[in-house]
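As the structure is a computational prediction, the values presented were derived from the model and not from experiment. Below, all heavy atoms of this structure are taken into account, side chains as well, without hydrogens, waters or symmetry copies.
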Amino acid sequence: MKFDLTNRWQEMYPQGIMGVLIMEGISKADPAPDLKSLRKQLEGELRQRYQGFDRSALKDIPTIKAYDEFYRIFKKTYHLLLQLESVLGGKPIPGGDPLVSAMFMAELEDLLLTAGHDFGKISGPVRFDVARGTEQYERMNGEQQVLKPGDLYTADGAGILSSVIYGPDHRTRIQPSTTAALFTTYGVPGIGSEKLIIHLQRLRDLILAFSPAAAVLKLEVIAS
């Protein structure tokens with residue numbers, strides 16, 4: 001399957017990159033080791049790593065700073081900052097579907113914005129583009145959403161898969177029946193390729209932890 005940055009993306013965000021991970025043969029029947037124990041371990045590591053950090057200090061972390069600068073264009077707060085603050089405040093990392101849980105764990109570990117999809121529902125080539133403000137899609141919660149001009153988004157032949165500001169779509173959402181998954185990580189300006197590769201490898205390893213027979217079809221960074 002082909003993945004491309006559009007000319008509009010390359011002109012408006014020449015330093016923007018995308019990470020892509022595709023895995024198939026995923027089984028959720030017998031997770032081993034239990035992701036619950038890995039989540040608990042990550043909670044402890046995050047609380048130790050960021051002990052004493054207030055919001056200002058968290059915003060100075062280079063990765064969060066890069067996303068925060070992008071989100072501020074839209075008068076939004078980087079949602080992973082809010083989720084990290086929640087975990088640091090004592091709330092557990094949510095469980096649920098192992099694929100979604102693994103993605104969320106990798107996001108919190110690396111602070112990189114990632115969207116997950118059922119790969120079997122992807123239609124045709126995938127493009128990474130910049131919104132003009134007329135594009136519309138059905139969000140994960142079922143609501144219709146018009147994108148804001150300048151937002152970064154991912155689309156296939158049938159429509160939008162996700163955007164930075166509004167998240168994943170409903171059509172290709174990960175479900176209990178999902179056995180092949182596509183993950184895309186938004187590398188906004190300030191995020192380098194090495195960080196994306198490490199993040200995708202971490203996500204791959206978390207999936208292999210509960211589904212060791214799964215296979216990697218693609219793990220790469222898409223750049224101009």
Q136 side chain to Q145 side chain, donor-acceptor N/O pair below 3.5 angstrom: no
Between L108 and L111, the two heavy atoms sitting closest are O-CD2, 3.5 Å
Q) Can you tell if the side chain of E138 reaches within under 4.5 Å of the side chain of R171, non-hydrogen atoms only? A) no
- Give the ring-plane orientation class for F74 versus F70, where under 30° counts as parallel, over 60° as perpendicular and anything between as tilted. tilted
* **Check: G16 main-chain N/O paired with W9 side-chain donor or acceptor under 3.5 Å** => yes
Please report the C-alpha distance between D4 and F128 in whole Å, then the side-chain angles of each, then the deciding distance to 0.1 Å, and finally whether the side chain to side chain contact (heavy atoms under 4.5 Å, CB included) criterion is met.
CA-CA 6 Å; D4 283 316; F128 306 116; over 6 Å; no
All heavy atoms of I26 vs all of A214, minimum pair found to be CG1-CB, 4.0 Å
Test side-chain contact (heavy atoms from CB on, under 4.5 Å), reference Y71, set V164, T77, I64, output is V164
Of L113, L112, T185, the one forming a side-chain contact (heavy atoms from CB on, under 4.5 Å) with E107 is L113
- Item | Within 6.0 Å of NZ in K121, more than 12 heavy atoms from elsewhere | yes
Tightest non-hydrogen contact, residues P98 and L35, listed as O-CD1, 3.6 Å
### Query
In the single-linkage hydrophobic clustering (I, L, V, M, F, W, Y; side-chain heavy atoms under 4.5 Å), do V100 and L42 co-cluster?
yes
message: Can you confirm whether more than 12 heavy atoms, excluding those of K65, are under 6.0 Å from its NZ atom?
response: no
State plainly whether one hydrophobic cluster holds both V87 and L81, where clusters connect Ile, Leu, Val, Met, Phe, Trp and Tyr through side-chain heavy atoms under 4.5 angstrom apart. yes
d(F3 CZ, R127 CZ) to nearest 0.5 Å is 13.0 Å
Are F119 and F183, when compared by the centres of their aromatic rings, separated by less than 6.0 Å?
no
- Note: R8-E11 ion pair, threshold 4.0 Å (strictly below): no
Does the distance from a Lys or Arg side-chain N to an Asp or Glu carboxylate O, for E69 and K59, drop under 4.0 Å? no
Point to revise | Main-chain N/O of I93 paired to E43 side chain as donor or acceptor, under 3.5 Å | key: yes
Next item on the list: Please examine the side chains of Y67 and L80, heavy atoms only from C-beta on, and report whether any two atoms are closer than 4.5 Å.
Entry: no
Quiz item: Do the side-chain N and O atoms of D129 and Y153 include a donor-acceptor pair separated by under 3.5 angstrom?
Solution: yes
* Would you kindly say whether R39 and S101 are connected by a side-chain donor-acceptor distance under 3.5 Å? => yes
Tell me if a side-chain donor or acceptor on D118 pairs with a main-chain N or O of T172 at a distance below 3.5 Å. no
Residues T114 and Y186: side-chain donor-acceptor under 3.5 angstrom
no
Inset, instruction - Please check if any side-chain donor atom of S163 sits under 3.5 Å from a side-chain acceptor atom of D151, or the reverse. - result: yes
Worksheet item: According to a 4.5 Å side-chain heavy-atom criterion applied to Ile, Leu, Val, Met, Phe, Trp and Tyr, with indirect links allowed, do I198 and V188 form part of one hydrophobic cluster?
Response: no
ask   = L200 versus R204: any side-chain heavy-atom pair under 4.5 Å?
value = no
All heavy atoms of R139 vs all of Y166, minimum pair found to be NE-O, 3.4 Å
CE of M105 to CD of Q41, rounded to nearest 0.5 Å, is 8.0 Å
In this structure, CD1 of I222 is separated from CE of M18 (nearest 0.5 Å) by 9.0 Å
d(K75 NZ, K148 NZ) to nearest 0.5 Å is 9.0 Å
For Q10 and S224, the nearest pair of non-hydrogen atoms, with its separation, is CG-OG, 3.3 Å
With a 3.5 Å distance limit and no angle check, can you tell me whether R173 reaches the backbone of H170 through a side-chain donor-acceptor pair? yes
Consider only side-chain heavy atoms of I, L, V, M, F, W and Y, link residues closer than 4.5 Å, and tell whether L21 and V221 are in one cluster.
yes
D110 and T63 have their tightest heavy-atom pair at O-CG2, 3.7 Å
In terms of side-chain heavy atoms, does S27 have a donor or acceptor partner in S211 at a distance below 3.5 Å? no
